[in-house]
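Remarks on the structure that follows.
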Amino acid sequence: MPPAAHDECSAPAGFTPRVLRGPFFGGRTVFTGSEGHTDHFMVRITGDDCNLLGITHGGVIATLADVFIVGFIAGQLTADARMVTSSLSVDYLGPSTADDWLIGRIHAHRIGRRLCVASGEFRVGDRTVALIRANCARLPDTGRPDTSASDS
């Protein structure tokens with residue numbers, strides 16, 4: 001069990017807070033390993049993440065899997081690299097509930113010119129909650145034209 005944080009935005013020992021951007025979890029604080037170790041991370045499950053049964057909604061688990069795996073792969077690439085998730089799978093093995101610390105670890109299997117593959121797991125304490133895996137397709141540099149120039 002990770003050391004308890006004073007509140008949702010306090011970093012547990014050995015982790016660095018990171019605020020997510022985007023439409024799904026924008027503004028939410030998650031925690032990645034210190035000193036750029038994005039292969040392990042933590043997030044606190046809230047009541048808003050849970051369904052009517054009181055367990056973390058599968059869509060929340062899948063979205064967090066996508067966010068963390070793609071973030072991990074992006075950390076292995078140059079800053080200008082572009083990619084999209086081409087496949088995501090989640091095997092749900094057990095529940096998590098509000099106030100649980102969801103702890104994740106990711107391992108890269110392939111970081112290639114066209115395809116990147118990584119997998120990992122989410123745990124709560126000593127229980128595995130989900131196995132996660134994603135393939136990311138790297139997009140070619142589009143050589144976007146300078147739109148500030150006119151056609152004349």
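T56 places a side-chain N or O within donor-acceptor distance of the main-chain N or O of S96, the cut-off being under 3.5 Å. With hydrogens and angles disregarded, no donor-acceptor distance shorter than 3.5 Å links the side chain of D100 to the backbone of L102. Of the possible polar contacts, none joining the D66 side chain to the I69 backbone as a donor-acceptor pair under 3.5 Å is found. Remark: the backbone N or O of V129 is not paired with any side-chain donor or acceptor of Y92 at under 3.5 angstrom. Between the R138 side chain and the G112 main chain, a donor and an acceptor come within less than 3.5 Å of each other.
Between F31 and W101, the ring center distance clears the sub-6.0 Å criterion. Between H40 and F15, the distance from one ring center to the other falls under 6.0 angstrom.
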Candidate pair F25 and L64, rule side-chain contact (heavy atoms from CB on, under 4.5 Å), full reasoning: CA-CA 9 Å; F25 288 122; L64 288 170; 3.8 Å; yes
CA sep, side-chain torsions, deciding dist, call: L93, L131, side-chain contact (heavy atoms from CB on, under 4.5 Å): CA-CA 8 Å; L93 303 179; L131 299 176; 3.7 Å; yes
Test side-chain contact (heavy atoms from CB on, under 4.5 Å) applied to F41 and V43, step by step: CA-CA 7 Å; F41 51 86; V43 62; 5.7 Å; no
Step-by-step side-chain contact (heavy atoms from CB on, under 4.5 Å) determination, F122 to I103: CA-CA 5 Å; F122 286 134; I103 303 166; over 6 Å; no
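Distance CD1/I61 to CD1/I45: 5.5 Å, rounded to 0.5 Å. Atom-to-atom distance recorded for H57:NE2 and L52:CG is 9.0 Å, nearest 0.5 angstrom.
For residues 49-62, the salt bridge (Lys or Arg N to Asp or Glu O under 4.0 Å) pairs, not counting sequence neighbours, are R28-D49. Screening residues 113-125 for salt bridge (Lys or Arg N to Asp or Glu O under 4.0 Å) gives E121-R123 as the qualifying pairs, with residues at least two apart or on separate chains.
Between the side chains of T78 and D80, at least one donor N or O lies within less than 3.5 Å of an accepting N or O. Looking at S86 and N135, their side chains never bring a donor and an acceptor atom within 3.5 Å of each other. Under 3.5 Å, the side chains of S119 and H107 contain no donor-acceptor pair of N or O atoms.
Considering M42, R44, R18 as possible partners of V30, the one that fulfils the side chain to side chain contact (heavy atoms under 4.5 Å, CB included) test is R18.
Taking both residues in full, the closest heavy atoms of V70 and C136 are given as CG2-SG, 3.7 Å, listed atom of the first, atom of the second, then distance. In terms of heavy-atom proximity, A74 sits nearest to M83 at N-CE, 3.3 Å. Shown here for A98 and C50, the closest heavy-atom pair between the two residues is N-SG, 3.6 Å.
Within 6.0 Å of CZ in R127 there are more than 12 heavy atoms belonging to other residues, nucleotides or ligands.
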